[in-house]
Amino acid sequence: MSIKFIDENVFDIYIKKDGLGNVDFNNKDNIEKYLKKLFRILKNKYFVKIEGFYNITIYIDKYYGVIFHLEKEELEYYDYFKNQVDMRIISIDTEFLYLVDDIPNGLSNKIKICIINNNIYLKIKKELTNLEMMNLIENSKIIYDYN
């Protein structure tokens, strides 16, 4: 798991599929239970306290895992939410793109190469090994909200 803070009210949580367990992202109750566990981990391990109202978009990629995009809404009745979390959850099945500088060797049969505005993007077509996936993640920027 990794966290990327965009600003004080917006951040992304990246979780590779091997760190998800068997969460059913089509089941609202399962998602809410998973998010409660995730919020406890964020508080205890990363010292990130989640309270208030959040718009949460879950981007699900069958090869990578999920990215949770959290946006906290500043509401005037903030005290109502003290030590509580309320959320609006949207779940999106998508295919992540990987922005790279160079095309990695040995993946040509597992990826599709897209050139957009002189940038190289890769889309995974077949399952990558853990080593291949780690190498790709370390040498790219994941693009998840491109529609």
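Just so you know, these numbers use all the heavy atoms, side chains as well, and skip hydrogens, waters and symmetry mates.
Counting heavy atoms from C-beta outward, Ile120 and Ile115 have side chains that approach closer than 4.5 Å. Side-chain contact between Tyr34 and Val66 is absent, with no heavy-atom pair separated by less than 4.5 Å. Residues Leu70 and Asp12 form no side-chain contact, since every pair of their non-hydrogen atoms from C-beta on lies 4.5 Å or further apart. By the 4.5 Å heavy-atom criterion applied to side chains, Lys125 and Lys123 are not counted as neighbours. Between Ile89 and Glu32 there is a side-chain heavy-atom pair separated by less than 4.5 Å. Side-chain atoms of Ile124 and Tyr64, non-hydrogen and from C-beta on, never get closer than 4.5 Å to each other. Contact check for Val100 versus Leu136: side-chain heavy atoms found under the 4.5 Å cut-off.
Aromatic ring orientation, His69 versus Tyr144: tilted (interplanar angle from 30° to 60°). The aromatic rings of Phe11 and Phe5 sit tilted, their planes meeting at an angle between 30° and 60°.
Checked for salt-bridge contact, Lys112 and Glu95 miss the test: no charged N lies under 4.0 Å from a carboxylate O.
There is a path of hydrophobic side-chain contacts, each under 4.5 Å, that joins Ile13 to Leu20. Residues Tyr46 and Tyr54 share a single hydrophobic cluster, defined by chaining ILVMFWY side chains whose heavy atoms lie under 4.5 Å apart. Under the 4.5 Å side-chain heavy-atom criterion for grouping Ile, Leu, Val, Met, Phe, Trp and Tyr, Val85 is connected to Ile41 within one hydrophobic cluster. Taken together through direct or relayed side-chain contacts under 4.5 Å among Ile, Leu, Val, Met, Phe, Trp and Tyr, Leu35 and Val10 form parts of separate hydrophobic clusters.
Closest non-hydrogen pair, Tyr59 versus Phe96, comes out as O-CZ, 3.6 Å.
The salt bridge (charged side-chain N to carboxylate O under 4.0 Å, His left out) pairs that include a residue from residues 52-68 number zero, where partners must be two or more places apart or lie in different chains.
No more than 12 heavy atoms of other residues, nucleotides or ligands lie within 6.0 Å of CG in Asn105, so this atom counts as exposed by the packing criterion.
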